[in-house]
Amino acid sequence: MNDINKNFIQRIIDDDNDSGKFNNKVHTRFPPEPNGYLHIGHAKAIYLNYNIAEEYNGKCNLRFDDTNPIAEEDEYVRSIQEDVKWLGFDSEKRVYFASDYFQQMYEYALQLIKNNNAYVCELSPQEIKNTRGTLQKPGTQSPYRDRARDENLDLFNRMKSGEFENGSKTLRGKIDMSHPNMNMRDPVIYRILHANHHRTGDKWCIYPMYDWAHGLEDSIEGITHSLCSLEFEDHRPLYDWYLDKLDVYHPQQIEFARLNLSYTVMSKRKLKLLVENNHVTGWDDPRMPTISGFKRRGYTPKSIRNFMEDVGVAKRDNIMDIAKLESSLRTDLNKRSQRRMAVLNPLKVVITNYPDEKEEFVIAKNNPEDESAGTRKLPFSKVLYIEKDDFMEDPPKKFFRLSPGAEVRFKFAYYITCTDVIKDSKGKIVELHCTYDKDTLGGRSEDKRKVKGTLHWVSANHSVLADIRLYDRLFTALNPDAESNFIDTINTNSLKIVKNCRLEPELKTFESKIPVQFERLGYFFKDADSTAESLVYNRTVALRDTWAKK
RNA sequence: UGGGGCGUCGUCUAAUGGUAGGACACCUGGUUUUGGUCCAGGCAGUUGGGGUUCGAGUCCCUACGCCCCAGCCA
């Protein structure tokens with residue numbers, strides 16, 4: 001690793017290592033709250049934390065920050081672990097829960113009270129709000145602020161034993177009600193919550209607030225560099241205050257800019273709304289920026305990791321162009337995907353000079369980027385389907401697909417010339433009559449005559465049917481968060497289902513785990529909705545198309 | 001009128017007082033049995049104004065702009 005081109009976090013760690021601050025140790029953590037599914041913004045945090053640890057020969061913990069029983073569920077801890085693993089990060093059994101430290105946190109709170117740094121406050125939530133002051137004006141002190149030490153201890157213990165109603169009392173830090181940083185105006189440390197916790201059940205009825213819990217979790221686990229997003233910058237003084245007052249091991253919090261993607265929303269609240277109001281089919285809807293959504297859509301873990309490497313890390317607010325994600329995706333898929341033939345919008349083609357009952361098999365390359373992927377046999381016969389878009393009766397200049405009198409290559413098969421256009425009574429094209437040149441088997445000719453267009457095709461009788469789901473961005477606004485109501489900018493055409501697509505027969509039994517490219521169309525991934533009788537494919541991403549742009 | 005951050009091509013991100021570079025996007029051209037890939041090239045940036053310096057994206061002053069903070073959420 002050279003000194004140049006490091007990001008600001010690596011430089012901080014280098015400085016710490018130079019000064020011996022953490023004895024050259026690096027230990028990070030990824031601390032999700034199990035209250036929703038992971039999205040690609042989390043993937044940045046995961047990537048960062050695991051990679052920093054690996055780079056410096058350290059470790060990274062996966063820690064569930066489950067301090068609020070109201071919002072958290074087991075379903076989410078399961079999905080989060082699954083997603084982290086799918087992304088390619090091994091937590092090596094380093095899986096922890098904030099709730100495992102509840103007893104220890106409680107004892108630390110006792111210590112804080114004993115040192116006269118915390119007190120039990122009986123102000124209601126509304127009263128606390130009213131006395132906090134504003135951004136410009138200082139707050140006023142709670143009447144309970146100067147309670148005797150023993151009374152605080154007694155009251156706090158009774159809070160713990162369940163004697164009081166939700167919201168009736170809190171434990172608060174005794175800091176400074178006129179502090180310019182609102183977080184330092186006697187912050188709540190514990191609140192009373194008679195609620196069932198997904199792991200500790202009914203054992204506790206007081207739960208620690210984030211600021212109290214997070215620093216202690218980091219401290220207990222021996223974290224060195226505690227990476228979090230920018231909005232916690234204002235919380236760092238409090239993180240430091242607690243640890244200093246307790247005089248315990250003190251990790252360094254470092255803030256970085258979270259990832260934003262163009263044409264998408266990233267907040268859990270908004271994603272949840274999309275799910276609950278059925279704007280999408282679920283957390284794993286292929287249009288969602290969730291890890292499970294990308295997975296179902298056909299994204300690869302490697303493409304997401306490469307994207308994160310590309311994105312980098314800094315403290316500027318940013319909106320990454322989603323085209324960059326798609327570029328990482330195509331780079332990976334291009335090298336690895338198996339090519340297959342599929343016709344989305346079939347147009348019947350009859351090869352008039354081809355024997356009626358004949359069928360033959362042409363040799364098709366599975367992946368031109370990788371010879372080891374081998375070849376397969378593709379059935380060819382008299383009646384075929386091609387893409388409707390690949391024929392124009394009256395083509396513009398530079399249209400080098402099929403048109404009356406034009407000769408094109410049917411990939412891996414023959415040169416084909418269109419002789420007749422068959423229409424129905426309304427003038428709609430229903431069928432094409434063509435001839436083939438029998439001396440061009442494999443798609444090449446002895447005379448080296450040049451054929452500009454190469455089309456994909458399937459044999460009608462051999463083909464299998466499928467529904468194909470075409471996805472577009474979920475929002476029409478580049479930054480939906482900036483709109484007064486992001487729901488209003490939902491793209492009503494984000495999903496288009498194309499029925500009765502024709503696939504080459506091998507796709508009937510194709511393994512769903514392998515990424516596949518439908519020649520000339522894009523990358524597709526077999527959806528979980530597929531059954532033995534009916535195939536469903538998701539378009540992961542289209543191929544770059546410089547023709548369509550014009 | 002409080003506090004904390006941040007301003008570099010269209011979008012991300014480097015350059016740590018010494019030639020403003022890379023990626024994506026976009027535009028040319030070449031190769032190609034995918035209008036894909038690949039290859040070659042091009043376009044495009046330091047928020048403004050002062051100052052220090054032989055030399056400033058970088059240091060200082062100042063102005064401006066953007067983001068975050070008033071949950072018993074994280």
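Base pairing analysis places B:G2 opposite B:C69; the two distances defining the Watson-Crick or G-U wobble pair are each below 3.5 Å. Base pairing of B:A15 is not made with any nucleotide, judged by Watson-Crick or G-U wobble geometry with both donor-acceptor distances under 3.5 Å. Of the nucleotides present, B:G7 is the one that pairs with B:C64 by Watson-Crick or G-U wobble criteria, both distances under 3.5 Å. Under the Watson-Crick and G-U wobble criteria, each requiring two contacts below 3.5 Å, nucleotide B:G35 is left unpaired.
Side-chain contact annotation: A:Gln126 with A:Ser124, donor-acceptor N/O pair under 3.5 Å absent. For the residue pair A:Asp186 / A:Tyr119, a side-chain donor-acceptor distance below 3.5 Å is found, with atom types taken as modelled. Judged by distance alone, the side chains of A:Tyr101 and A:Glu221 do bring a donor and an acceptor atom under 3.5 Å apart. Using modelled atom types, one finds no donor on one side chain facing an acceptor on the other under 3.5 Å when comparing A:Ser328 with A:Asn306. A side-chain donor-acceptor contact under 3.5 Å links A:Arg29 and A:His214. Counting only N and O atoms by type, the side chains of A:Tyr47 and A:Glu309 include a donor and acceptor under 3.5 Å apart.
Looking at heavy-atom distances under 4.0 Å, A:Pro32 makes no contact with the nucleic acid at all. Residue-level contact check: A:Val313 touches the backbone only, with heavy atoms under 4.0 Å from sugar-phosphate atoms and none from bases. Residue-level contact check: A:Asn318 touches the backbone only, with heavy atoms under 4.0 Å from sugar-phosphate atoms and none from bases. Within 4.0 Å of A:Phe232, counting heavy atoms only, lies at least one base atom of the nucleic acid. Residue A:Phe400 is classed as a base contact, given a heavy-atom separation below 4.0 Å to a base. Using a 4.0 Å heavy-atom distance criterion, A:Leu455 is classed as making no nucleic acid contact. Note on A:Glu233: only backbone sugar-phosphate atoms sit closer than 4.0 angstrom, heavy atoms only; bases stay farther off. Among the protein residues, A:His179 comes within range of no part of the nucleic acid, since none of its heavy atoms lies under 4.0 Å from any strand. Among the heavy atoms of the strands lying under 4.0 Å from A:Thr134 is at least one base atom, whether or not backbone atoms are also near. Base engagement by A:Glu519 is indicated by at least one non-hydrogen atom pair under 4.0 Å involving a base atom. As judged by a 4.0 angstrom heavy-atom cut-off over every strand, A:Asp310 is placed among residues touching the sugar-phosphate backbone only. No engagement by A:Pro34 is indicated, since no non-hydrogen atom pair under 4.0 Å with the nucleic acid exists. A:Thr170 comes within contact range of at least one nucleobase, with a heavy-atom separation under 4.0 Å. In this structure, A:Lys315 reaches the sugar-phosphate backbone alone: every heavy-atom distance under 4.0 Å involves primed, P, OP1 or OP2 atoms, never a base.
Residue A:Gln338 contributes atom CD, which lies 22 Å from atom P of B:G36 at whole-angstrom precision. Distance CD1 (A:Ile70) to P (B:C72): 14 Å, rounded to an integer number of Å. Between the P atom of B:C68 and the CG atom of A:Asp481 lies a distance of 10 Å, rounded to the nearest Å. What separates OH of A:Tyr523 from P of B:G36 is a distance of 11 Å, to the nearest Å. Taking atom NZ of residue A:Lys324 and atom P of nucleotide B:C26, one finds them 13 Å apart after rounding to whole Å. Summarising the geometry, the separation between CG on A:Asp317 and P on B:U8 is reported as 11 Å, rounded to the nearest angstrom. The CZ atom of A:Phe8 sits 15 Å away from the P atom of B:U8 (whole-angstrom rounding). A:Leu227 has its CG atom 20 Å from the P atom of B:A74, to the nearest Å.
Contact annotation: A:Arg236 side-chain N/O to B:C69 OP1/OP2 distance is not under 4.0 Å. Within the 4.0 Å cut-off from OP1 or OP2 of B:C72, not a single side-chain nitrogen or oxygen of A:Lys169 is found. Taking 4.0 angstrom as the limit, A:Arg11 places none of its side-chain polar atoms (N or O) nearer than this to OP1 or OP2 of B:U16. Side-chain N/O atoms of A:Arg191 include one lying less than 4.0 angstrom from OP1 or OP2 on B:A74. The phosphate of B:G71 has OP1 or OP2 within less than 4.0 Å of a side-chain N or O from A:Arg132. Proximity of A:Ser124 to the phosphate of B:C72: no side-chain N or O atom is located under 4.0 Å from OP1 or OP2. Within the 4.0 Å cut-off from OP1 or OP2 of B:G7, at least one side-chain nitrogen or oxygen of A:Arg316 is found.
Rounded to whole Å, the separation between the P atoms of B:A63 and B:U1 comes to 11 Å. One P atom belongs to B:G5, the other to B:C59, and the distance between them is 15 Å to the nearest Å. Rounded to the nearest Å, the gap between the P atom of B:G48 and that of B:A56 is 15 Å. Spacing of P atoms, B:C43 relative to B:G21, comes out at 12 Å, to the nearest Å. A gap of 31 Å separates the P atoms of B:G10 and B:U52, to the nearest Å. B:G41 and B:G22: their P atoms are spaced 11 Å apart (whole Å). Rounded to a whole angstrom, the distance from the C1' atom of B:U8 to that of B:A14 is 10 Å. Rounded to whole Å, the separation between the P atoms of B:G65 and B:G45 comes to 24 Å.
Of the candidates B:C12, B:G35, B:A25, the closest approach to any side-chain atom of A:Ala323 belongs to B:A25. Of the candidate nucleotides B:G36, B:C68, B:U1, B:U1 has the atom lying nearest to any side-chain atom of A:Gln136. Of all nucleotides listed (B:U37, B:C73, B:C69), B:U37 comes nearest to the side chain of A:Glu369.
A parallel orientation is assigned to the rings of A:Phe64 and A:Phe97, their planes being inclined by less than 30° (bins at 30° and 60°). Ring orientation note: the planes of A:Phe380 and A:Tyr436 are tilted relative to one another, at an angle of 30° to 60°.
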*Candidate pair A:Arg340 and A:Asn366, rule side chain to side chain contact (heavy atoms under 4.5 Å, CB included), full reasoning*: CA-CA 7 Å; A:Arg340 292 294 182 274; A:Asn366 287 331; 3.1 Å; yes
*Verify side chain to side chain contact (heavy atoms under 4.5 Å, CB included) between A:Met159 and A:Leu155, making sure each step is shown before the conclusion.*
CA-CA 6 Å; A:Met159 280 168 65; A:Leu155 251 17; 5.6 Å; no
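A donor-acceptor pair under 3.5 Å is formed between the side chain of A:Asn181 and the backbone N or O of A:Asp234.
B:G71 takes the syn form, because its glycosidic angle lies no more than 90° either side of 0.
In this structure, A:Arg401 and A:Ser168 both approach RNA chain B, and ranking their closest nucleotides by distance from the 5' end singles out A:Arg401. Nearest-nucleotide assignment on RNA chain B puts the 5′-proximal partner with A:Gln517, out of A:Ile192 and A:Gln517.
Aromatic stacking is marked for A:Trp547 over B:G35, as both cut-offs hold: 5.5 Å for the centres and 30° for the planes.
Non-hydrogen atoms lying under 4.0 Å from RNA chain B are contributed by nothing in residues 257-269 of chain A.
With hydrogens and angles ignored, a donor-acceptor pair under 3.5 angstrom links the side chain of A:Asp234 to the base of B:G3.
No cation-pi contact links A:Lys377 to A:Phe361, judged by a cut-off of 6.0 Å to the six-membered ring centre and 45° from its axis.
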